[in-house]
Each structure stands twice: as C-alpha cells, then as structure tokens.
Amino acid sequence: MKTTLSPGQQALQEQLEEFLDEELTPLVRRMADRSPHADTEDNPDIRAMIHQALTDLGLSAGLGQESWAIAAEQLGDVLYQGTLLDTAAAAELVSRTAAGSARDELLAAVAEGTRIALAARDTGTGTTADPAPLTVGPDGNTVTGSRSFVGFVPEADQLLVIGRAGGTVRAALVRPDAPGVTVRRHEELGRGELYAVGFDGAPVDTWLETDAGTTLAEVWRAVLDGARVRQAAYLVGLGQGALDLAVSYAKSRKQFGKPLGHQQVIALRLADLTARLDAVRLVVRAAAWEADRPAGAPRLEAAQALAMAAETARKIAAETMQVHGAYGMTEDSDAQLFYRRAAVESLRLGSPAELRSEVAPLLKDRLTGRGHSQPA
C-alpha cells in the first residue's frame with residue numbers, strides 16, 4: 001500500500017480545502033441541524049448548492065476509492081450532511097448493472113448534480129448487507145414495502161430502493177414524490193434529515209438488473225464494501241474535526257491560571273486519541289487501496305475499517321464533550337454537534353453488532369486460507 005498521495009489526489013485535497021474554508025465550514029456544520037433554536041428554512045437550498053459544487057469538483061461517478069477516502073475524510077471534518085455519499089453508491093451500482101444508453105443517461109445525470117438517496121434497511125427487519133423484504137407488483141412495475149433511516153428524502157431526485165423479493169435481491173429507482181410513497185421524518189439524536197419511507201404500489205422508474213452469471217446480491221455487496229470504506233473515511237474526518245475542536249478549546253480555556261491543555265491528564269488523553277485516530281486512518285486508507293486493486297475484494301477490510309472508525313469517532317466525540325464540560329452541551333458549541341452526528345453516522349451502514357457478525361466468518365475464512373470472498 002502506498003502512503004503518499006498521487007498528484008491527482010493532492011490536487012483534489014487542495015481543491016476541497018480551498019472550497020471548505022474557514023468561512024464556509026461553520027455554515028456546512030449547521031446546515032442539517034434541526035435545532036429548535038436554529039433557522040433551517042434555507043438549508044435545503046444551501047445543501048443543493050453544496051452538492052452541486054462538490055459534484056463540479058469531481059466528486060461523482062468514476063472517482064477511485066482512494067480519492068473518495070481523501071474527500072470523504074474532509075467532508076466528515078466539516079460535518080457535511082447530504083446525499084453525496086448515497087449518490088456515489090447509487091452511481092457505482094448503476095455502472096455495474098444498467099447497460100448501454102440507460103447507464104450513460106443515469107451516470108450523466110449524476111455528474112450533472114442529480115441526487116439519489118439510499119433506501120436499503122428497515123426497522124427490525126433486514127440489515128444493510130441483507131436488505132429488508134420488498135414486494136414487487138404483479139405487473140412488475142410497482143413496489144410495496146417500507147424503509148427507515150433514509151437521508152434527505154424530500155431533497156432527493158430518486159430513491160435507490162434495495163430489497164429482497166422472491167428470494168433474490170432487487171434494486172429499483174423510485175421518485176420520492178411518486179404515487180404510493182409516504183414520507184415521515186425521524187426524531188433522532190442527530191436532529192438531522194432521516195426519514196421513514198413507505199411504498200404502497202409505488203411505480204418504479206428503473207429496475208437495475210445484472211448480466212447473466214452475476215447476481216444483484218453479489219453486485220450490491222461489492223457496492224456496499226465501497227460505501228463502507230467511504231463512510232469509514234467520513235468518520236475519520238469527523239473524529240479529526242472533533243479532536244481539533246477539543247485541542248483548540250484545551251489551549252484557550254484556562255483553569256487555575258493555566259490553559260486546560262497544560263493539565264497532564266487532559267494532554268495525555270488528547271495524545272492517546274490522536275494516536276488512535278492516526279492508526280484508524282491508515283486502516284481506512286489500506287481498505288481504500290484494496291478496493292482500487294483490479295482484483296480487490298475488500299469485504300473484510302471494509303467492515304473492519306468501518307467498525308474501527310465508528311468506535312473511534314464516537315469515543316473522540318464523547319471525550320470532546322468532556323473537555324468542553326457544560327459548555328459543550330450548549331447550542332453555541334460545536335462539540336454537541338460532533339457528538340450527535342457521531343452517534344448517528346456510526347450506525348449508518350451497519351451497527352457494531354452487524355459488523356462483528358460479518359467480520360467473524362470472514363476472519364475465519366482468511367485464517368484458514370480460503371481468501372477474501374464470502375458468498376452474498
């Protein structure tokens with residue numbers, strides 16, 4: 001695994017740093033916060049502009065996982081909220097399933113700013129890796145079912161609905177404003193834009209199908225691996241943003257006439273978190289590198305990276321709150337934002353229990369010499 005950035009990756013990083021500058025970062029961090037004390041009326045318009053700007057910078061279909069890991073880390077640092085990462089997963093699935101003009105048309109729409117939200121799991125039934133049931137209508141053109149924790153549904157142009165129908169995994173693009181689609185916002189710790197979506201005979205715009213010899217379950221698992229690497233990188237960025245906030249506060253806040261960071265206990269805790277985060281960053285970069293290899297099959301690496309990144313992000317966010325004390329719980333502090341988002345984002349593509357249940361057999365296969373692969 002290489003540890004240095006290519007010229008293209010370096011250029012992408014610099015472009016994102018220039019775009020997500022000190023002036024824009026506070027706006028991005030608050031643009032999905034449904035605080036009762038915040039004005040959120042113009043947030044959908046702001047998110048649309050941010051999405052379009054990021055797409056114009058090249059964050060769309062065709063970007064390698066190593067480059068995506070760099071970009072996602074910076075998005076996590078500023079607590080970006082929106083459909084960009086979902087759209088990336090949808091574009092990858094489209095590129096592996098749709099054929100000819102249909103694929104080109106869908107990918108061109110994504111490159112121009114079309115937003116797609118991922119709807120793969122439901123409360124109590126199914127997981128992200130093993131999607132919840134989905135009923136296909138007798139005519140094959142409608143779907144019935146329910147999905148939870150779908151982000152930014154009212155702002156999405158399409159919903160990518162993944163589910164098991166007739167014993168096989170199916171994937172369809174459905175418009176969120178189509179007949180038979182109902183939407184209800186979740187009240188969750190992150191105070192963000194997560195929704196429960198019901199489909200009652202909702203018309204399907206496009207079914208995504210694979211060629212003979214490849215099942216959609218296999219393709220979806222490969223796409224999920226990439227999505228998990230990107231989410232892990234996002235959580236590394238979230239952890240870095242929270243850690244930077246804690247360090248900055250520890251330098252400026254004084255107790256007994258000295259900065260808080262001069263206390264040995266605080267300094268050692270922050271140093272420990274820095275070392276942990278650097279280690280997780282290397283694990284995530286290794287998983288991204290594995291995913292970009294021609295024969296790469298990073299199922300184990302992706303699950304491990306996401307599990308480690310999720311645990312580390314939540315720990316750093318909690319420690320950041322402790323460093324800030326009571327002030328960290330106030331609306332004026334970004335510490336509570338990182339804490340809230342870490343709690344939600346760490347579960348987005350698999351809870352710790354789900355990831356452990358997936359990693360155990362993969363590790364067993366690896367140790368017994370049966371390679372990377374695991375049947376979908």
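Being a predicted model, the structure only gives us computed values, none of them experimental. Keep in mind that the numbers below use all heavy atoms, side chains included, and drop hydrogens, waters and symmetry copies.
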Does the distance from a Lys or Arg side-chain N to an Asp or Glu carboxylate O, for E301 and R299, drop under 4.0 Å?
no
For P176, which of D157, V150, L159 qualifies under side-chain contact (heavy atoms from CB on, under 4.5 Å)?
L159
With a 4.5 Å heavy-atom cut-off, do V136 and T142 have their side chains touching?
no
Could I get the full list of ring pair (Phe, Tyr, Trp, His ring centres under 6.0 Å) partners for F149, not counting sequence neighbours?
H186
Test item: side-chain donor near acceptor, R115 and T87, under 3.5 Å:
no
So which heavy atom on W68 is nearest to which on A88, and how close?
CZ2-CB, 3.5 Å
Report all side-chain donor-acceptor pairs from residues 238-245 shorter than 3.5 Å, counting only partners two or more places apart or in another chain.
residue : atom : partner : partner atom : Å
Q240    : OE1  : R281    : NH2          : 2.8
Q240    : NE2  : D244    : OD1          : 2.9

Report yes or no: does N43 contribute a side-chain atom to a donor-acceptor pair with the main-chain N or O of M31 at less than 3.5 Å?
yes
What I want to find out is whether E290 reaches R285 closely enough, with some N-O distance under 4.0 Å, to be called a salt bridge.
no
Check the side chains of D122 and S148 for a donor-acceptor pair under 3.5 angstrom, ignoring hydrogens and angles.
yes
Electrostatic pair K315:E311 at N-O distance under 4.0 angstrom:
no
Under the side chain to side chain contact (heavy atoms under 4.5 Å, CB included) criterion, do E209 and R170 qualify, and how do the steps go?
CA-CA 8 Å; E209 306 289 353; R170 303 292 303 273; 3.1 Å; yes
